[in-house]
Student: 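Sharing a structure below in structure tokens format, with a few things to ask.
It should be emphasised that the depicted structure is a prediction, and the values quoted were computed from it without experimental measurement.
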Amino acid sequence: MDQQEDIQALEAQKEIERILGAITAEIPIFLYAQPGPNDVFTDTARQAIRFFRQLTDKIVLREYELTHESAKKWKIEHSPTLVFDPGRYNIRWLGAPMGEEGRIFLEALVLIGSQKSNLNEQSLQVIKKIDQPRHIKVFVSASCPYCPQQALNALKAAVEKPNLISLEIVDIQANPELATQYSAHSVPQTYANDILIAQGAQPEELFMLSLEK
């Protein structure tokens with residue numbers, strides 16, 4: 001059984017490496033953290049990034065404490081926070097890719113690294129109508145099988161319109177105070193400009209309509 005598991009793990013790693021092979025652009029990732037109760041999330045985030053860095057040379061990791069001047073500049077207050085390619089996008093992850101969230105992290109790398117949203121034509125027609133800023137918060141958890149789909153919808157939107165759409169993916173285990181503030185104990189739960197726009201996962205086109213309205 002152990003041998004079978006090893007074979008499956010190796011096959012999964014090869015498939016991830018194949019997927020990451022489509023990445024053409026460098027992906028700067030900034031990890032902000034400070035020692036405290038969320039150390040397990042910080043360590044997990046660091047390990048996840050190191051794992052993916054073994055499979056692609058496009059990831060560039062930089063680590064800073066929350067006291068760093070760039071954290072103040074970008075108003076980063078939660079440990080850990082991952083910031084993806086801030087020169088091009090406004091995409092943050094408050095927490096770490098644990099459990100089901102690993103799928104979200106992989107999707108983020110592919111979209112940001114290819115600099116393509118991969119939205120279908122119907123979704124593109126909807127998102128073209130957005131002409132005012134949208135700040136999206138998607139609350140997720142490691143045990144939620146529906147969260148990757150909703151987070152992927154939000155990632156696509158943030159990659160397609162980086163000048164107007166920003167994104168925070170919020171792990172409720174790492175950020176219980178934010179989950180309480182937004183009553184986001186059932187996930188996925190999605191807000192745009194602090195207005196609840198969706199509970200549960202949505203098809204891509206419906207997400208874009210919710211975001212546009």
Student: Given Gln125, which of Glu121, Lys129, Gln122 fulfils the side-chain hydrogen bond (donor to acceptor under 3.5 Å, both in side chains) condition?
Tutor: Glu121

Student: Do Tyr191 side-chain atoms and Tyr182 backbone N/O form a donor-acceptor pair below 3.5 Å?
Tutor: yes

Student: With clusters defined by side-chain heavy atoms of hydrophobic residues (ILVMFWY) lying less than 4.5 Å apart, directly or transitively, does Ile91 cluster with Ile49?
Tutor: yes

Student: Find out whether Ile76 and Leu66 are in side-chain contact, i.e. whether some heavy atom of one side chain is under 4.5 Å from a heavy atom of the other.
Tutor: yes

Student: Tell me, which pairs form a side-chain hydrogen bond (donor to acceptor under 3.5 Å, both in side chains) where one or both residues lie in residues 22-46, sequence neighbours left out?
Tutor: Tyr32-Ser70, Asp43-Arg46, Arg46-Glu63

Student: I would like to know whether Leu119 and Met208 meet side chain to side chain contact (heavy atoms under 4.5 Å, CB included); could you show each step before the answer?
Tutor: CA-CA 10 Å; Leu119 286 171; Met208 299 306 158; 3.4 Å; yes

Student: Using the six-membered ring wherever Trp is involved, compare the ring planes of Tyr64 and Phe30 and label them parallel, tilted or perpendicular (cut-offs 30° and 60°).
Tutor: parallel

Student: Could you measure the distance from the CG atom of Asn193 to the CG atom of Leu211? Nearest 0.5 Å is fine.
Tutor: 8.5 Å

Student: Does the side chain of Phe139 come within less than 4.5 Å of Asn175's, by heavy atoms?
Tutor: no

Student: Is Arg62 close to Pro28 at the side-chain level, that is, under 4.5 Å between some pair of heavy atoms?
Tutor: yes

Student: Do the non-hydrogen side-chain atoms of Gln189 and Ile172 ever get within less than 4.5 Å of each other?
Tutor: no

Student: Find out whether Phe105 and Leu82 are in side-chain contact, i.e. whether some heavy atom of one side chain is under 4.5 Å from a heavy atom of the other.
Tutor: yes

Student: Pairing donors with acceptors under 3.5 angstrom, does anything connect the side chains of Glu177 and Gln181?
Tutor: no

Student: Okay, side chain of Glu100, backbone of Ser143: is any donor-acceptor separation there less than 3.5 Å?
Tutor: no

Student: Closest approach of Gln115 and Ala25, non-hydrogen atoms and distance?
Tutor: NE2-CB, 3.2 Å

Student: When the side chains of residues 150-167 are checked against the rest of the protein, which donor-acceptor pairs come out under 3.5 Å, sequence neighbours left out?
Tutor:
{"unit_1": "Gln150", "atom_1": "OE1", "unit_2": "Asn153", "atom_2": "ND2", "d": "3.3"}
{"unit_1": "Gln150", "atom_1": "OE1", "unit_2": "Gln202", "atom_2": "N", "d": "3.0"}
{"unit_1": "Gln150", "atom_1": "NE2", "unit_2": "Thr190", "atom_2": "OG1", "d": "3.1"}
{"unit_1": "Gln150", "atom_1": "NE2", "unit_2": "Gln202", "atom_2": "OE1", "d": "3.0"}
{"unit_1": "Asn153", "atom_1": "OD1", "unit_2": "Gln149", "atom_2": "NE2", "d": "3.1"}
{"unit_1": "Asn153", "atom_1": "ND2", "unit_2": "Gln149", "atom_2": "O", "d": "3.4"}
{"unit_1": "Asn153", "atom_1": "ND2", "unit_2": "Gln202", "atom_2": "O", "d": "2.9"}
{"unit_1": "Lys156", "atom_1": "NZ", "unit_2": "Glu204", "atom_2": "OE1", "d": "2.8"}
{"unit_1": "Glu160", "atom_1": "OE1", "unit_2": "Ser117", "atom_2": "OG", "d": "2.6"}
{"unit_1": "Lys161", "atom_1": "NZ", "unit_2": "Ile127", "atom_2": "O", "d": "3.1"}
{"unit_1": "Lys161", "atom_1": "NZ", "unit_2": "Lys128", "atom_2": "O", "d": "3.4"}
{"unit_1": "Lys161", "atom_1": "NZ", "unit_2": "Ile130", "atom_2": "O", "d": "2.5"}
{"unit_1": "Ser166", "atom_1": "OG", "unit_2": "His135", "atom_2": "ND1", "d": "2.6"}

Student: Taking side chain as C-beta onward, heavy atoms only, is Thr180 less than 4.5 Å from His185?
Tutor: yes

Student: Are Ile112 and Val138 connected in a single hydrophobic cluster, I mean Ile/Leu/Val/Met/Phe/Trp/Tyr linked by side-chain heavy atoms less than 4.5 Å apart?
Tutor: yes

Student: With clusters defined by side-chain heavy atoms of hydrophobic residues (ILVMFWY) lying less than 4.5 Å apart, directly or transitively, does Val60 cluster with Ile27?
Tutor: no

